[in-house]
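In this text the structure is predicted, and so the values were computed from the model without any measurement. Residue numbers count from 1 along this sequence.
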Amino acid sequence: MSSSHPHFQPYHGPNGKPICAHCKKEESPTTKLKRCTGCAVTMYCSKECQKGDWKSHKLGCRSPGPSVEDNLIDPVLLANTGYPACTTLNSSLMDWWEAQSYALSYITIVNTHKNGGLDYNLANPRALVLRVQAKAPQSGNPAKAFKIVDMTMVSKTDFGREANNAWNEGRVQFDRTVETLRHSLDSTIAGAMPIVLVVVNTGLMTFHHNLVHRRTPDGQLRDPQARAVFEDVMQMSVGAINAGLVLHAAGNPRVQGLVPDVGVLVWRKKRWEWKLKEDWNWNSAASLGMLPPNGSRSGLQPTAIWDRFYSFI
C-alpha cells in the first residue's frame, strides 16, 4: 500500500496532521498512515480502509509517471555536487522533498496567494519554480541535503515541450483526486499547484504537485498586513528548511494552537525518524534569525505570526 513517490504532499486535515481518507483518523505515534501506491496522494491507516474507500477513490487514482528528465548531468557539474551519480542526486532530492513536505506546503500556499492570487494561479497554467542547491552529502540526513536559493512563479509557456508533457500528465492524473479531497475532507483545499525543483548548476529538474489551501476568502492578499504575515511565514519556512530543521503539524493544538512543531531527523532503527526539538521556542533568538535582521515584516513575534496566518479564514 505504501508509496515512495513524493509527487504530492500528504493530505493534512483540519488540525494540520495527515489523516486517513476513509475513517478520518489522524496520524499519531500509534497510527502510521501509508500512501496509496496508485496516486501517491491519498493516505490510509490500514488495508481495510483503503479497500473500503476504493469505490470512490478509483475514479481519480492513477499511477504517476517518472518525473525526472532522462538527460545525464555533465560529469564535471555532478562532481561539484559531491554525489557519485545522477541517480543518487535525484534520489536525495526526492528524500529531501519528502522530509521537508510540511514547510514546502507553506511556501506553496504563500506564493500562490501573493503572486497574482490563488484563483488566478490555479486557473492559468502557472507553476512555482524552486531553485535549490545541493549540499555535500556527508551525514546522509535527507532534511539537510539541499537549501533553497530562490523561487518564482512562472507560466507554462516558459517550459519546453517535454516539460509541458510532464506537467499536463500530472494535472490530469490528480485533478479528480483533489476534487474528492475537497468535498469529502476539507473545503479549504483549492487545488493542486505544479512545483518544479531545479538543482542549480546541474540541469536536474523534477516535477511535483502540492495541495493548496485557501487562506483568505477570495484567495488574494489585499491587506498589507496580511501580505506581511504571509511573507513572514514563507521566510520562516525557508529558514527552517535551510537550517536542516523539519516542521510538523502542531502536536498539541489545544495548547499551542496551530503553530508548527520544530524537529530534526535522527537515525534510528536503520531509518531516519523525526524527533521533536524539545528546546525549541519560536520566539527565541534562533527563530528570529529566520526573519529579516530588522525584524518581521508584520511587526509580530513568530508565534503571533502563525496565529494570524491561520486566522484569515
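Sorted by first and then second residue, the pairs that involve residues 232-247 and meet side-chain hydrogen bond (donor to acceptor under 3.5 Å, both in side chains), not counting sequence neighbours, are Asp232-Ser298. Pairs engaging residues 99-119 under the salt bridge (charged side-chain N to carboxylate O under 4.0 Å, His left out) rule: Asp119-Arg214 [sequence neighbours left out]. Applying the salt bridge (charged side-chain N to carboxylate O under 4.0 Å, His left out) rule to pairs touching residues 189-213 yields nothing, sequence neighbours excluded.
Under the side-chain contact (heavy atoms from CB on, under 4.5 Å) criterion, Thr88 pairs with Tyr83, Pro84, Ala85, not counting sequence neighbours. Remark: Ser91 engages no residue in a side chain to side chain donor-acceptor pair (under 3.5 Å) (not counting sequence neighbours). The side-chain contact (heavy atoms from CB on, under 4.5 Å) search around Glu273 returns Arg268, Arg271, not counting sequence neighbours. Partners of Tyr106 by ring-ring contact (aromatic ring centres under 6.0 Å, His included), not counting sequence neighbours, listed by chain and number: Tyr102, Trp306, Phe309. The side chain to side chain donor-acceptor pair (under 3.5 Å) search around Thr87 returns none, not counting sequence neighbours. With sequence neighbours excluded, no residue forms a side chain to side chain donor-acceptor pair (under 3.5 Å) with Asn80. Under the side-chain contact (heavy atoms from CB on, under 4.5 Å) criterion, Asp218 pairs with Thr216, Gln220, Arg222, not counting sequence neighbours. Scored by the side-chain contact (heavy atoms from CB on, under 4.5 Å) test, Ala243 finds Leu245 as partners (sequence neighbours excluded).
Applying the 4.5 Å side-chain rule to ILVMFWY residues, one finds Val246, Leu265, Trp272, Trp274, Leu276 in the same cluster as Trp267.
Between the side chains of Thr112 and Asn121, no donor-acceptor pair of N or O atoms lies under 3.5 Å.
For the pair Val200/Phe146, no side-chain contact is recorded, criterion being any heavy-atom separation below 4.5 Å from C-beta on.
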